[in-house]
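Read through the structure below, which is laid out as structure tokens, and then see the notes.
This one's a predicted model, so the numbers in the text were calculated from it and none came from an experiment.
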Amino acid sequence: MEIRNIAIIAHVDHGKTTLVDNILHATDVFRDNEDSGELIMDSNDLEKERGITIFSKNAAVSYKGVKINVIDTPGHADFGGEVERVLKMADGVILLVDAFEGPMPQTRFVLQKALALGLQPIVVINKVDKENCRPDEVHDAVFELFFQLDATEEQLDFPTFYGSGKFNWFNTENVQCDDITPLMDGILEHVPPPATAEGDVQMQITSLDFSSFLGRIAVGKVRRGTLSEGMQVSLCKRDGSVQKHKIKELYIFENMGKKRVTEVSAGDICAVVGIEDFNIGETISDLENPEALPIIKIDEPTMNMVFGINNSPFFGKDGKFVTSRHISDRLDKELEKNLALSVEKTESADSFLVYGRGIMHLGVLIETMRREGYELTIGQPQVITKQIDGEKCEPYEVLVVDVPEEFSSKVVNMVTIRKGELLIMESKGDMQHLEFNIPSRGLIGLRSQMLTGTAGNAIMAHRFSEYKPWKGVIPGRQNGVLIAKEKGKATPYSMDKLQDRGRFFIDAGVEVYGGQIIGENSRADDLVVNVCEAKKLTNHRASGADDASKVIVKTEFTLEECMEYIGEDECIEVTPQVIRLRKIQLDAVERKKTQKKLQTS
């Protein structure tokens with residue numbers, strides 16, 4: 001059977017997972033009366049909640065007697081590591097571009113990686129049904145992007161399809177047709193069959209699956225030779241050592257699942273059971289003649305955070321896994337499949353320094369651990385600095401903001417305060433398109449501030465650019481915080497009296513402890529308040545009915561918003577049930593002593 005291996009790459013929200021849905025329906029993977037739902041490939045709970053793809057996934061469909069392995073990839077820059085490793089399995093890519101937004105930062109990033117691997121691109125301009133869309137301008141912008149990224153003559157001669165994933169049609173010209181048949185025919189025509197070389201068996205592990213029955217499963221594309229059940233093979237490790245293993249079971253991808261087979265030929269993507277203690281990037285090769293493929297290189301992380309045990313007074317109330325050994329084992333397990341992550345031990349045995357691609361990358365890991373029953377404390381995100389030619393340098397990012405014209409001056413002001421430099425300012429229909437060069441530190445906390453300042457109309461995207469000289473101090477949070485004085489239950493009576501002092505992050509009746517951040521002060525300094533004070537009852541009857549306490553609704557924060565909000569002397573307590581903000585030092589006297597020491601030094 002002929003095979004085509006294709007990855008779908010694009011910026012976030014440009015319609016990758018919807019296109020995979022269309023391909024699955026076009027190839028009759030589901031019965032006519034079967035309710036498959038939408039965004040079928042986004043099966044993880046976090047993906048469903050956030051509406052984004054986080055993990056790359058495989059599906060295989062059959063079209064006109066040809067097997068097409070489809071790889072759905074994440075579009076967010078923080079999950080670029082997922083894209084980098086799975087592109088090794090593909091022979092061609094479908095580059096999806098929004099007909100209004102055009103090429104965005106992540107479009108450039110994923111396309112650069114695909115072109116460097118010599119993959120054959122197909123450009124799909126999606127969402128041509130949108131108002132103010134400009135497919136012809138976008139096509140020219142995509143060609144310009146290919147040219148800037150040093151595409152070869154063959155890659156520059158890319159086929160282009162126009163259509164709408166939402167209305168299930170794609171055509172070779174901007175004219176609506178009945179279905180996505182022209183695109184499916186285009187995949188068979190323009191994506192080359194997998195190149196197979198003569199020689200001993202070779203397969204690079206590019207992904208990892210897990211089954212509670214079979215254990216860890218290695219996923220990758222067979223480069224050459226044939227793998228078969230019961231075969232003795234070598235595993236070429238990262239450190240150069242070679243281990244002997246026996247393949248117990250072999251699976252290929254079929255529709256949304258896997259199908260057990262006895263052998264897999266070169267060019268197909270398969271899952272191998274029986275290989276113990278493997279890591280992504282290592283090579284399964286011939287027993288007698290082990291030959292390793294080059295290790296997958298992933299871009300460096302740009303941000304780190306301290307993960308520690310939960311040492312608050314409410315320690316152990318919610319979680320099952322609370323010790324440093326539990327956290328250490330879980331982080332080690334994550335390192336096996338999350339190539340863009342790295343972990344270092346600190347001077348304290350109770351905390352670990354975790355490096356990642358950005359706030360969302362680390363946020364997804366924390367949220368996953370929280371749901372698994374872990375309790376931990378998270379420090380403020382810090383960017384990773386380097387010494388280049390004896391000068392302190394920090395990571396810079398290209399920030400792209402699309403915003404209605406009336407808010408553009410506000411956006412420029414917000415970004416320039418955070419040491420950003422305006423590069424491009426142009427109109428796109430009713431929207432203003434702004435591009436900035438900004439230190440990564442300046443992006444921490446910018447999203448929530450910008451959405452508030454533009455009444456939720458700003459569309460932000462950013463990607464890592466390069467390391468440049470340190471830009472100096474960037475102004476952080478303007479307001480101080482309200483800190484609970486003692487342990488107890490917050491009362492409506494005391495909260496009602498304190499409402500003029502700022503806004504609350506908790507509801508009345510919630511248990512708090514001394515040193516917990518319960519709200520934001522209306523002034524720049526921190527304020528310790530007593531929210532547990534109850535109303536004193538007397539034998540005297542009041543002249544009139546007491547006014548009922550009216551406490552304004554609390555401000556809700558997501559985990560990422562908490563990470564962007566906290567200051568240097570603050571941290572986040574994460575448990576399966578609750579996310580609390582707190583001071584690192586809970587005792588008020590100790591906090592003052594530390595502050596004085598810092599001021600004198």
Whether the side chain of [X] engages the backbone of [Y] through a donor-acceptor N/O pair (distance < 3.5 Å, no angle test) should be reported.
{"X": "N22", "Y": "N168", "value": "no"}
{"X": "Q204", "Y": "P294", "value": "yes"}
{"X": "R216", "Y": "F278", "value": "yes"}
{"X": "E561", "Y": "T558", "value": "yes"}
{"X": "T73", "Y": "I8", "value": "yes"}
{"X": "R134", "Y": "F100", "value": "yes"}
{"X": "D72", "Y": "N58", "value": "no"}
{"X": "K258", "Y": "L250", "value": "no"}
{"X": "R260", "Y": "Y251", "value": "no"}
{"X": "N126", "Y": "H14", "value": "yes"}

Closest contact, heavy atoms only, [X] versus [Y]:
{"X": "S465", "Y": "V398", "result": "CB-CG2, 3.9 Å"}
{"X": "D91", "Y": "A195", "result": "OD1-N, 4.3 Å"}
{"X": "I295", "Y": "G281", "result": "CD1-O, 3.5 Å"}
{"X": "V110", "Y": "A10", "result": "CG2-N, 4.1 Å"}
{"X": "I125", "Y": "V128", "result": "O-CG1, 3.7 Å"}
{"X": "G220", "Y": "M89", "result": "CA-SD, 3.9 Å"}

What residues form a ring-ring contact (aromatic ring centres under 6.0 Å, His included) with [X], not counting sequence neighbours?
{"X": "Y565", "value": "F505, F557"}
{"X": "Y374", "value": "F321"}
{"X": "Y355", "value": "none"}
{"X": "H139", "value": "F158"}

Do [X] and [Y] have side chains that approach each other closer than 4.5 Å (heavy atoms only, starting at C-beta)?
{"X": "N69", "Y": "R4", "answer": "no"}
{"X": "L365", "Y": "L341", "answer": "yes"}
{"X": "P121", "Y": "L95", "answer": "no"}
{"X": "D402", "Y": "M460", "answer": "no"}
{"X": "S408", "Y": "M425", "answer": "yes"}
{"X": "S56", "Y": "R85", "answer": "yes"}
{"X": "M450", "Y": "K410", "answer": "no"}
{"X": "L115", "Y": "L111", "answer": "yes"}

| task | Show your reasoning for whether side chain to side chain contact (heavy atoms under 4.5 Å, CB included) applies to V219 and C270. | result | CA-CA 6 Å; V219 179; C270 69; over 6 Å; no
| field | Contact list for residues 174-191, test side chain to side chain donor-acceptor pair (under 3.5 Å), sequence neighbours left out | value |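 Residue pairs passing side chain to side chain donor-acceptor pair (under 3.5 Å), neighbours aside: Y63-D185, K64-D185, D179-T181.
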About how many Å separate [atom2] of [Y] and [atom1] of [X], when rounded to the nearest 0.5 Å?
{"X": "T206", "Y": "E282", "atom1": "OG1", "atom2": "CD", "answer": "12.5 Å"}
{"X": "I122", "Y": "I187", "atom1": "CD1", "atom2": "CD1", "answer": "5.5 Å"}
{"X": "D209", "Y": "I217", "atom1": "CG", "atom2": "CD1", "answer": "4.5 Å"}
{"X": "I284", "Y": "R223", "atom1": "CD1", "atom2": "CZ", "answer": "13.0 Å"}
{"X": "C133", "Y": "E101", "atom1": "SG", "atom2": "CD", "answer": "12.5 Å"}
{"X": "I71", "Y": "K221", "atom1": "CD1", "atom2": "NZ", "answer": "8.5 Å"}

| task | Report the C-alpha separation of M303 and R357 in whole Å, then their side-chain angles, then the decisive distance to 0.1 Å, and conclude whether the side chain to side chain contact (heavy atoms under 4.5 Å, CB included) test is met. | result | CA-CA 6 Å; M303 193 168 279; R357 279 283 181 83; over 6 Å; no
| task | Considering only NZ, NE, NH1 and NH2 on the basic side and carboxylate oxygens on the acidic side, decide whether E564 and R447 come within less than 4.0 Å. | result |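 Looking at R447 together with E564, the answer is no, because their closest N to O distance does not fall below 4.0 Å.
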| Is the shortest side-chain N to carboxylate O distance from R371 to E367 below 4.0 Å? | yes
Restricting to pairs with a member in [range], which pass salt bridge (Lys or Arg N to Asp or Glu O under 4.0 Å), not counting sequence neighbours?
{"range": "residues 114-126", "result": "none"}
{"range": "residues 102-117", "result": "E84-K113, K113-D299"}
{"range": "residues 146-175", "result": "none"}

| said: Please determine whether side chain to side chain contact (heavy atoms under 4.5 Å, CB included) holds for the pair M203 and T283, giving the CA-CA distance in whole Å, both sets of side-chain angles, and the decisive distance to 0.1 Å. | reply: CA-CA 6 Å; M203 172 189 139; T283 307; 6.0 Å; no
| Can you name the side chain to side chain contact (heavy atoms under 4.5 Å, CB included) partners of E421, sequence neighbours left out? | K471
| said: Run the side chain to side chain contact (heavy atoms under 4.5 Å, CB included) test on F161 and I180 for me, step by step, so that the C-alpha distance in whole Å, both residues' side-chain angles and the decisive distance to 0.1 Å come before the verdict. | reply: CA-CA 10 Å; F161 293 84; I180 67 164; over 6 Å; no
| task | Just jot down the side-chain hydrogen bond (donor to acceptor under 3.5 Å, both in side chains) partners of K67, sequence neighbours excluded, or say none. | result | D268
| salt bridge (charged side-chain N to carboxylate O under 4.0 Å, His left out) against K127, all qualifying residues, sequence neighbours excluded | D98
Whether over 12 other heavy atoms sit under 6.0 Å from [X] [atom1]:
{"X": "K333", "atom1": "NZ", "answer": "no"}
{"X": "E131", "atom1": "CD", "answer": "no"}
{"X": "E405", "atom1": "CD", "answer": "no"}

Would you be so kind as to tabulate the donor-acceptor pairs closer than 3.5 Å made by side chains of residues 434-445, with sequence neighbours excluded?
| residue | atom | partner | partner atom | Å |
| --- | --- | --- | --- | --- |
| E435 | OE2 | H433 | NE2 | 3.0 |
| S440 | OG | P395 | O | 3.2 |
| S440 | OG | E397 | OE2 | 3.0 |
| R441 | NE | E394 | OE1 | 2.6 |
| R441 | NH1 | G472 | O | 2.9 |
| R441 | NH2 | E394 | OE1 | 3.3 |
| R441 | NH2 | E394 | OE2 | 3.0 |
| R441 | NH2 | G472 | O | 2.7 |

